[in-house]
Amino acid sequence: MTTPKAPFDVQKIRKDFPVLNQTVNKQPLVYLDTTATSQKPYSVIESVSNYYINDNANVHRGIHSLAARSTKKYENSRQKIADFIGAGSSRNIIFTRGTTEAINLVATSFGSTFTAEDEIIVSLMEHHSNFVPWQLLSERTGCKLKFIQITENGELDMNQFDLLLTEKTKLVAVVHISNVLGTVNPIEEIVAKSHNVGAKVLIDGAQSVPHVKVDVQKIDCDFFAFSAHKMMGPTGIGALYAKEELLKAMPPYHGGGEMIHTVTKEGTTWADIPYKFEAGTPNIAGVIGWGVAIDYINQIGIDKIHDYSDMLTRYAIEKLSTIDGLTIYGNAKNRGAAVSFNLKDVHPHDVSHFLDQKGIAVRAGHHCAQPLMTELKVDATNRASFYIYNTFEEVDKLVEALKEVKAFFTF
Amino acid sequence: MNEEFQDLYREIILDHNKSPRNCRTMENPDRVVQGKNPLCGDNYKVYVKLDGDTVSDVSFEGSGCAISKASASVMTEFLKGKSIDEVEKFFNLFHEMVTGKLDVDDCFDEVGKLAAFAGVAEFPVRVKCATLAWHAVHTAVTSEEAEASTES
Ligand SMILES: Cc1ncc(COP(=O)(O)O)c(C=O)c1O
């Protein structure tokens, strides 16, 4: 198979990522675990240290120059993030620690009015972060959880979804792109159908924002959660997008500084959105670094990023399929850049440990998606995932190493 | 392939992974303990039959990686006929060996086949795999708990 032509200079891009320039177990590092977290370019790393070197001051809390400077950079980032996902206004962007906290915010705040009469629909391919918060809410309020089944191909069973939707459905929470199967879900259809019965929709966009053009207003979802670290930004920072009327109606999530308007002995009034939901000193350096990550993506172009990751993924699937005894989980028509697989009779731990000896980093385990593992009838899988700094040669190395794994363990 | 890795997966481990010994359900066990490694999903049930304070039979079933399965298999062979005090002793010895606190050369005569797992000390991420069945058997003979985890 000939390798397709990359839409940008991959070798030049690789030079932007210092971490890639190392050996692991005496072999050049082959990093195929971007779905867990992406690597960071120099510009992002430097923006974080430059913030501490030059600008460090608390935001929204001072008249002095450093406070003004850091507040400006912080709010500029919020605007970049809003623009990047088509949010309309930066008022719709609430900073959180990541996707997980964004979803917990919705479960705690928006979910606070749920009762035993209400129903929530989630799919069986969710990451635990879009599963457990709803179970907790169900335990707190008695509301009922219903599950969208997965088809053979690893897609959502949309016929069965239609049957789950009723007047009682308050919320539908689904992942945009699965971190295990790679499936891209038909979220616009899900949103339209859910809105028809009056239900709100939360989309887990942790894996989609780094890879595809997202326009939350076009999708028309009510909530959208995502993380900086999956898109070359720092760890510990992410955001919730939500529609303005919902944010205005929802009670605060955490209480503290920053989120108040007036505090008296008798009670407190809330700051305007988004600050009402941002109690305490935020992760300022993280927010600024995230903005720089978005600049980096914009310089390359999200469409080119998507096209290249897609080329690598298709190339990998084609090559992996030639290995006898290798099963790939998920065969959706529309798919992202994560490929989960198992080698017959070799446990994923042993596979990934072997690959690590060759300098190849893949994920092995349940990928924080145990209900999906149950559906697939496996304990764990291997997962290779691809991004702009990976190469076709790296895919070849993976495939060759997997053939050696087979020989080693099945002797 | 580097030497430590080769050493870790010595013949004994590959062999016990491929054909695990005492891998069966036990009729009328005195104790059954489920051992789970929440991080990676290794999951075994360990069955123990006691005759006074002697382990007269021990078996396991379940699934997991080569290290965890071979360790369970070698362990069942090793512990049959041992007393509860000895289970406790070898549980501790094994743990010290795979965490590198005890040099295998200093206990080779005592640990016999268990020495095959000394290489785990080079790979801290695999310690939980190697000790899972041991945690389960230890829980079985020292407590009333029905579940053991390597987190304890
Ligand atoms: C699909 C999906 N949802 C949610 C998450 C959780 O994101 P975070 O750990 O950044 O909160 C992840 C990442 O692990 C993910 O892949």
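On a predicted model such as this, the values are computed, not experimentally measured, just so you know. Computation of the quantities below employed the complete heavy-atom set of this structure, encompassing side-chain atoms and omitting hydrogens, waters and symmetry-equivalent molecules. To find a chain, count down the sequence lines: A is the first, B the second, and so on, and within it residues start at 1.
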**Study point:** Heavy atoms from other residues, nucleotides or ligands near CG of A:N21 exceed 12 (cutoff 6.0 Å)
**Key:** no

**Study point:** Members of residues 146-155 of chain A whose heavy atoms come closer than 4.5 Å to chain B
**Key:** none

Practice item. List for me each residue that meets ring-ring contact (aromatic ring centres under 6.0 Å, His included) alongside B:Y47, sequence neighbours excluded, and say none if there are none. Key: none

Review point. Would the number of heavy atoms belonging to other residues, nucleotides or ligands and lying under 6.0 Å from CZ of B:R21 be above 12?
Key: yes

Study note, to complete from the structure: Okay, B:D42 and chain A: the region with an atom under 4.5 Å from a heavy atom over there is side chain

Point to revise | For B:L14 against A:F408, the heavy-atom pair lying closest together | key: CD1-O, 4.0 Å

Check your understanding: In terms of heavy-atom contacts, does CD of B:E27 have more than 12 from other residues, nucleotides or ligands at under 6.0 Å?
Key -> no

Check your understanding: Any residues in residues 363-372 of chain A near chain B, with a heavy-atom distance under 4.5 Å, and which are they?
Key -> A:H366, A:Q370

Check your understanding: Could you name the residues of residues 336-353 of chain A that have a heavy atom within less than 4.5 Å of a heavy atom in chain B?
Key -> A:H347, A:H349, A:D350, A:H353

